[in-house]
Amino acid sequence: MSTQHGYFLIADITGYTQYLSTSELDHAQQTLTALLNLLIGHTKPPLIISRLAGDAVISYALEDNFLQGQTFVELLEDTYVSFRRAVDLMVRNTTCPCNACRNIGSLDLKFFVHYGMFGVQKLDGHDELIGSDVNLIHRLLKNTVKEQTGIAAYTLYSSAAIQQLGLDEAAAQLVAHAESYEHLGAVQCWVQDMHAVWDRKHLAAQISIPARRVLETATIEVDVPREQLWDYLLQAEHFNAMLAATKVEIVGRVGGRIGTGTVYECYHGGGVAPQLVLEWQPFERMLFQFDAPVPVRGTRAMWELRLEPSGDGTRATQTFSKPTGPILGRFFATKMLRMLAAKVRSDMASFKTHIEAVHGRNQVTNAVAISSDTIAAAARESLATA
């Protein structure tokens, strides 16, 4: 057994134990099983599921070819929002008066993230992680975050994870927190409030290109999972390949993260074409505004990149809007964008070839799928110890 370096993630469901009678256990188990399935479905490569531990999904990833720090944060945020939406839907759809069903709304989710050394042993059909850093993340499950900060649902990052993920600047937006354990001493951590993520995302207004404003589209099928394709697009050298630019620089990050207001500066020859991010929906779409290179100031257009799961890969669609601005500028820009349509499709095809080659070198295979019996058993175990 060799020693590895990498990341640990525990997604832990909380808040479901409230005076369950024997007759209510079936309902509680159905709910927990559904939510465990959701968490498993959101545990994407390069994360590998190690095992289920009652109401928790434990996964890991090797440090080589891991996601960008921002992508990993966005993956956890996306999982949390999906979890909360699922819980809300269960609450709205249940008419059962039992405690298990009435208390569905009390369910919540916490994440624990650490980076360190570990070994992997095959044990009873799953990957068992061993090592002092594995012990540390399990110790972090018992903490004083809620008592010290008032934050009930959170992602807790160890300082080692923050540094290795390159999130030092983003950590300024998080809450500093420390835990102390016997034989370990003080452990510096950073806490992200996931209730604030939910409040910000689930009702956020969205900007899009209306169907009547669509000018041209180009679509490719990419043999790369959607989350990993999104991760490549956060890296200037791969975004550059899609636009066939000389180079791309990403400026104007907010709190260390790309998002609304960030600019992708795309260089073509001696000129630069700033692409302003108007909409940033991780793993789904990004929307940009740009100045049309025509001899009439104030002429602008938008373009959107939408990612949709397609089998084991992703359907990527680039859509250009009709331009806005002075009438003469709109005329020139419309002709220009339509003339460029063939090149855009060619560039998208080249991007497909480029990114599939890159991904082929970096590809990580996930662990064997977890059976429905294993998931149901984990839910029963969780309720038995409640």
Side-chain angles (χ1 to χ4, degrees), residues 67-75 77-78 165-173 200-201 204-209 213-218 227 229-307 316-326 329-330 332-333 336-337 340 343-344 347-348 350-351 354-355:
L67 301 171
Q68 301 293 299
Q70 174 170 341
T71 307
F72 183 62
V73 172
E74 290 174 338
L75 184 64
E77 292 176 345
D78 182 65
L165 287 165
L167 293 173
D168 299 86
E169 185 177 353
Q173 312 299 315
R200 183 176 75 248
K201 291 197 170 191
Q206 297 181 7
I207 303 171
S208 61
I209 300 174
R213 299 290 303 164
V214 171
L215 182 66
E216 295 286 348
T217 63
E227 289 74 17
L229 181 56
W230 178 271
D231 186 61
Y232 290 126
L233 291 168
L234 268 65
Q235 302 172 56
E237 64 268 29
H238 302 309
F239 194 91
N240 173 67
M242 184 178 62
L243 298 185
T246 306
K247 68 174 180 176
V248 169
E249 294 180 350
I250 304 173
V251 299
R253 288 175 169 85
V254 180
R257 293 173 60 173
I258 301 169
T260 302
T262 297
V263 176
Y264 280 69
E265 293 188 338
C266 302
Y267 290 81
H268 295 269
V272 58
Q275 314 287 312
L276 172 66
V277 177
L278 297 180
E279 186 75 42
W280 189 261
Q281 295 181 6
F283 315 115
E284 294 182 8
R285 67 188 189 96
M286 49 182 76
L287 179 69
F288 298 88
Q289 176 181 277
F290 64 97
D291 291 328
V294 296
V296 182
R297 294 176 62 87
T299 306
R300 296 186 177 90
M302 296 187 296
W303 71 275
E304 176 191 75
L305 183 64
R306 183 178 293 271
L307 306 182
T317 302
Q318 194 173 163
T319 301
F320 284 86
S321 75
K322 296 176 182 177
T324 61
R330 297 200 307 269
F332 284 125
M336 178 202 69
L337 290 172
L340 286 174
K343 184 177 186 308
V344 169
D347 291 345
M348 289 283 279
S350 297
F351 172 73
H354 163 80
I355 215 67

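As the structure is a computational prediction, the values presented were derived from the model and not from experiment. Below, each value reflects all heavy atoms present in this structure, side chains not excepted, and no hydrogens, waters or symmetry copies. Residue numbers start at 1 and run along the sequence shown.
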Locate the shortest heavy-atom distance separating [X] from [Y]; write the atom from each residue and the value.
{"X": "Lys343", "Y": "Ala244", "answer": "NZ-CB, 3.9 Å"}
{"X": "Thr262", "Y": "Ile258", "answer": "OG1-CA, 3.6 Å"}
{"X": "Trp230", "Y": "Gln281", "answer": "CH2-O, 3.4 Å"}
{"X": "Gln275", "Y": "Cys266", "answer": "CG-SG, 3.7 Å"}
{"X": "Thr299", "Y": "Pro326", "answer": "OG1-CD, 3.9 Å"}
{"X": "Gly255", "Y": "Gln173", "answer": "CA-NE2, 3.8 Å"}

Pick out which of Arg306, Lys322, Glu304 makes a side-chain contact (heavy atoms from CB on, under 4.5 Å) with Ile209.
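The option that passes is Glu304.
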Are [X] and [Y] close enough that some pair of their side-chain heavy atoms sits under 4.5 Å apart?
{"X": "Asp78", "Y": "Glu227", "result": "no"}
{"X": "Tyr267", "Y": "Asn240", "result": "no"}
{"X": "Arg257", "Y": "Trp280", "result": "no"}

Hey, is the main chain of [Y] close enough, under 3.5 Å, to the side chain of [X] for a donor-acceptor pair?
{"X": "Arg300", "Y": "Thr324", "result": "no"}
{"X": "Glu279", "Y": "Ile207", "result": "yes"}
{"X": "Gln318", "Y": "Ala316", "result": "no"}
{"X": "Gln68", "Y": "Leu234", "result": "no"}
{"X": "Arg213", "Y": "Pro323", "result": "yes"}

Stepwise side chain to side chain contact (heavy atoms under 4.5 Å, CB included) check, Glu77 with Arg200:
CA-CA 11 Å; Glu77 292 176 345; Arg200 183 176 75 248; 3.8 Å; yes
Set out, in order, the CA-CA distance, both residues' side-chain angles and the distance that settles side chain to side chain contact (heavy atoms under 4.5 Å, CB included) for Asp231 and Phe72, then state yes or no.
CA-CA 9 Å; Asp231 186 61; Phe72 183 62; over 6 Å; no
Salt bridge check: are Lys201 and Glu284 linked by an N-O gap of less than 4.0 Å?
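No.
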Out of curiosity, [X] [atom1] to [Y] [atom2], how far, rounded to the nearest 0.5 Å?
{"X": "Met242", "Y": "Leu229", "atom1": "CE", "atom2": "CG", "result": "9.0 Å"}
{"X": "Asp347", "Y": "His354", "atom1": "CG", "atom2": "NE2", "result": "12.5 Å"}
{"X": "Glu265", "Y": "Ile250", "atom1": "CD", "atom2": "CD1", "result": "10.5 Å"}
{"X": "Leu167", "Y": "Gln70", "atom1": "CG", "atom2": "CD", "result": "9.0 Å"}

Checking Leu337 against Glu216 for the side chain to side chain contact (heavy atoms under 4.5 Å, CB included) test, could you report, in this order, the C-alpha distance in whole Å, the side-chain angles of both residues, the deciding distance, and whether it holds?
CA-CA 8 Å; Leu337 290 172; Glu216 295 286 348; 5.5 Å; no
Ring geometry between Phe288 and Tyr264 (parallel below 30°, tilted from 30 to 60°, perpendicular above 60°):
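Ring orientation of Tyr264 relative to Phe288: perpendicular.
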Would you call the rings of Trp303 and Phe320 parallel, tilted or perpendicular if under 30° counts as parallel and over 60° as perpendicular?
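If you compare the ring of Trp303 with that of Phe320, the planes turn out parallel.
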Holding to side-chain contact (heavy atoms from CB on, under 4.5 Å), I want the full list of residues that pass it with Ala172, two or more places apart in sequence or in another chain.
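For Ala172, no residue satisfies side-chain contact (heavy atoms from CB on, under 4.5 Å) once neighbours in sequence are set aside.
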